[in-house]
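Everything on this sheet refers to the single structure shown next.
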2 protein chains.
Amino acid sequence: MLSKKTQYAFHALIHLAENVDKGPILISEIAQEKNISIKFLENILLELKNAGILGSKKGKGGGYYLMRPPREVPLARIIRLLDGPIALLPCVSLNYYERCENCKDEAICGLNEVMSKVRDATLKILENKTLKDILTRN
Amino acid sequence: MLSKKTQYAFHALIHLAENVDKGPILISEIAQEKNISIKFLENILLELKNAGILGSKKGKGGGYYLMRPPREVPLARIIRLLDGPIALLPCVSLNYYERCENCKDEAICGLNEVMSKVRDATLKILENKTLKDILTRN
DNA sequence: CATAAATCCTATAAAAACTATAGGATAAAT
DNA sequence: ATTTATCCTATAGTTTTTATAGGATTTATG
C-alpha cells in the first residue's frame with residue numbers, strides 16, 4: 001500500500017491540477033478541501049517543491065503551483081519520490097535494487113522472474129499515466 | 001514492497017515445493033538453506049500451517065510439508081495472508097476495502113480508476129501464478 | 001516408559017517506519 | 001511596518017516490522 005504521505009500528495013496534486021488557472025493555491029485551502037492535516041501537508045508540499053514538481057510563492061497572494069502541465073507528471077515519479085520502490089521485491093527494483101539474500105542465483109530464481117513481471121505490468125501503467133489522468137471526471 | 005515475513009515465506013515454500021517428495025522438512029533445514037532466522041521462520045511456518053497451506057508433524061522425523069501440490073497455491077494467497085492488501089490504495093482493495101477519506105466520490109475519482117487498473121494488472125499475475133511457477137529453473 | 005526430537009504457542013523486546021505537530025525563520029505584498 | 005504565507009528543522013507519538021525467548025506439547029523409538 002502507498003503511505004498516507006503519498007496518498008495525500010496525490011490528492012493535493014489533483015487539487016492543484018484542477019485549479020491550475022487560479023495561480024498559487026494555499027496549503028490551508030488544499031488541507032481543508034481534501035481533509036488533510038495542514039502541518040503534515042506542509043511538509044509534503046515542501047518535498048514536492050524541492051524535487052522540482054511544485055513551485056511556490058511566499059507572502060500574500062502566495063501558495064503552491066505545478067511546475068509543469070499535469071500531463072507531464074507521471075504517477076510513478078511521485079510514488080518513487082515519497083514512498084521509494086514500486087517493485088514488490090528489492091531484487092527486482094529498477095531504482096532501488098538490492099541483491100537477494102535468500103536465494104543463490106537471481107538469474108534462475110522463479111520468484112524474481114514473476115515479480116519482474118508484476119513490476120513491468122505496474123510500471124506500464126504508472127509510468128504512462130499522469131496527473132492529467134487522475135483528475136475528477138465530470 | 002513485500003515484508004521480510006512474506007519474502008521469507010516464499011523462499012521457505014519454494015524449498016518445501018522443491019523437496020515435496022522427501023516428507024516433512026525441518027524448520028532448521030529451511031532456515032539454514034535460505035539464510036533466515038530460525039525463530040522468525042518458525043512463527044511464519046506456523047502461520048502458514050494455521051491457514052491450511054502447510055501441514056506439520058511433531059517429534060523425530062517431523063517437520064513441515066505442503067498441504068496441496070505447488071500448482072494449487074496462488075502467490076496472491078500468501079501475500080494476502082501475511083502482508084494484507086495487494087492493492088496500492090484502501091479504496092481499491094478487493095479484500096481490505098476502506099472508503100477514501102480524501103475524495104468526495106470514488107465513482108468519479110481518477111486516482112481510484114488508475115489504481116484499480118494497477119490492481120487488476122497485478123492480480124492477473126499473482127492470482128494465476130502459483131508456487132509451481134516460482135521454483136528454481138534448472 | 002523414558003528420552004530425545006521437533007513443532008506449538010504466547011509473550012515481549014528491539015528497531016524502524018510512519019504520521020503528525022511545533023515553532024521560529026524567511027520572504028513577499030501592500 | 002505589518003500581515004501573510006511558505007521554509008526549515010526538530011521532535012514527539014504511534015504503529016508496524018523484525019526478531020528473540022522459553023516453556024508446553026506431541027511423537028518416535030530404544
Side-chain angles (χ1 to χ4, degrees), chain A residues 1-9 11-12 16 22-32 34-67 79 81-85 88-90 96 98 101-102, chain B residues 1-9 11-12 16 22-32 34-67 79 81-85 88-90 96 98 101-102:
Chain A
M1 299 264 281
L2 299 179
S3 66
K4 284 283 182 188
K5 198 168 160 183
T6 299
Q7 294 180 41
Y8 291 162
H11 287 288
L16 289 173
K22 293 186 188 149
I25 307 288
L26 294 181
I27 298 176
S28 56
E29 175 184 322
I30 303 172
Q32 179 162 21
K34 296 294 188 174
N35 193 33
I36 303 172
S37 150
I38 186 169
K39 270 303 204 175
F40 196 20
L41 183 58
E42 190 183 309
N43 294 332
I44 296 167
L45 296 184
L46 190 55
E47 208 167 335
L48 289 169
K49 186 214 155 199
N50 290 334
I53 291 162
L54 296 181
S56 69
K57 195 184 164 193
K58 286 182 176 177
K60 192 166 189 181
Y64 280 98
Y65 50 89
L66 289 168
M67 288 293 277
I79 296 177
L81 176 66
L82 300 176
D83 255 26
L88 293 180
L89 296 178
Y96 301 83
E98 284 174 42
E101 292 169 331
N102 308 113
Chain B
M1 300 264 281
L2 299 178
S3 66
K4 284 284 182 189
K5 197 167 161 184
T6 300
Q7 294 180 41
Y8 292 163
H11 287 287
L16 289 172
K22 294 187 186 147
I25 306 288
L26 294 181
I27 298 176
S28 55
E29 176 184 322
I30 303 172
Q32 180 162 22
K34 296 294 188 174
N35 192 33
I36 302 170
S37 150
I38 187 170
K39 270 303 202 177
F40 195 19
L41 182 58
E42 189 184 310
N43 292 333
I44 296 167
L45 296 183
L46 189 56
E47 208 167 335
L48 289 168
K49 186 214 155 199
N50 290 335
I53 291 163
L54 296 181
S56 68
K57 196 183 162 193
K58 284 183 179 179
K60 194 168 186 179
Y64 279 98
Y65 51 88
L66 290 167
M67 289 294 277
I79 296 176
L81 176 65
L82 300 176
D83 255 26
L88 292 180
L89 296 178
Y96 300 84
E98 283 174 43
E101 291 169 330
N102 308 112

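Quick note on labels: first sequence line is chain A, next is B, and so on, each numbered from 1.
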Can you name the residues that form a side chain to side chain donor-acceptor pair (under 3.5 Å) with [X], not counting sequence neighbours?
X	answer
A:Gln32	none
B:Ser3	B:Thr6, B:Asp83
A:Asn102	none

ask   = Who are the side-chain contact (heavy atoms from CB on, under 4.5 Å) partners of A:Met67, not counting sequence neighbours?
value = A:Tyr65
task = Summarise protein proximity over nucleotides 13-22 of chain D in one line of letters, 5' to 3': B for base, S for sugar-phosphate only, - for none, counting protein heavy atoms closer than 4.0 Å.
result = -----SBBBB
Using whole Å, what does the distance between atom [atom2] of nucleotide [N] and atom [atom1] of [X] come to?
X	N	atom1	atom2	answer
A:Leu45	D:dA5	CG	P	15 Å
A:His11	C:dT19	NE2	P	13 Å
A:Ile44	C:dT21	CD1	P	12 Å
B:Lys58	D:dT26	NZ	C1'	4 Å
A:Glu47	C:dT19	CD	C1'	13 Å
B:Glu29	C:dA5	CD	P	17 Å
A:Leu82	C:dT19	CG	C1'	14 Å
A:Ile27	C:dA20	CD1	P	16 Å

To the nearest 0.5 Å, what is the distance between [atom1] on [X] and [atom2] on [Y]?
X	Y	atom1	atom2	value
A:Ile53	A:Leu48	CD1	CG	5.0 Å
B:Leu45	B:Leu16	CG	CG	7.0 Å
B:His11	B:Lys4	NE2	NZ	8.5 Å
B:Ile27	B:Leu46	CD1	CG	8.0 Å

message = Tell me which residues in residues 49-57 of chain B lie within less than 4.0 Å of DNA chain D, going by non-hydrogen atoms.
response = B:Lys57
Give every donor-acceptor pair under 3.5 Å between a side-chain atom in residues 35-42 of chain A and any protein atom, sequence neighbours left out.
unit_1  : atom_1 : unit_2   : atom_2 : d
A:Asn35 : ND2    : B:Glu101 : O      : 3.3
A:Ser37 : OG     : A:Phe40  : N      : 3.3
A:Lys39 : NZ     : A:Glu42  : OE1    : 3.4

inquiry  = Quick check: closest heavy atoms across A:Leu82 and A:Ala9, and the distance to 0.1 Å?
reply    = CD1-CB, 3.3 Å
task = Pick base, sugar-phosphate or nothing for B:Leu26, based on heavy-atom distances below 4.0 Å to the nucleic acid.
result = sugar-phosphate
Interface polar pairs with nucleotides 13-15 of chain C, N/O, under 3.5 angstrom:
none

message = For residues 46-64 of chain A, which residue pairs pass the salt bridge (charged side-chain N to carboxylate O under 4.0 Å, His left out) check, not counting sequence neighbours?
response = A:Lys5-A:Glu47
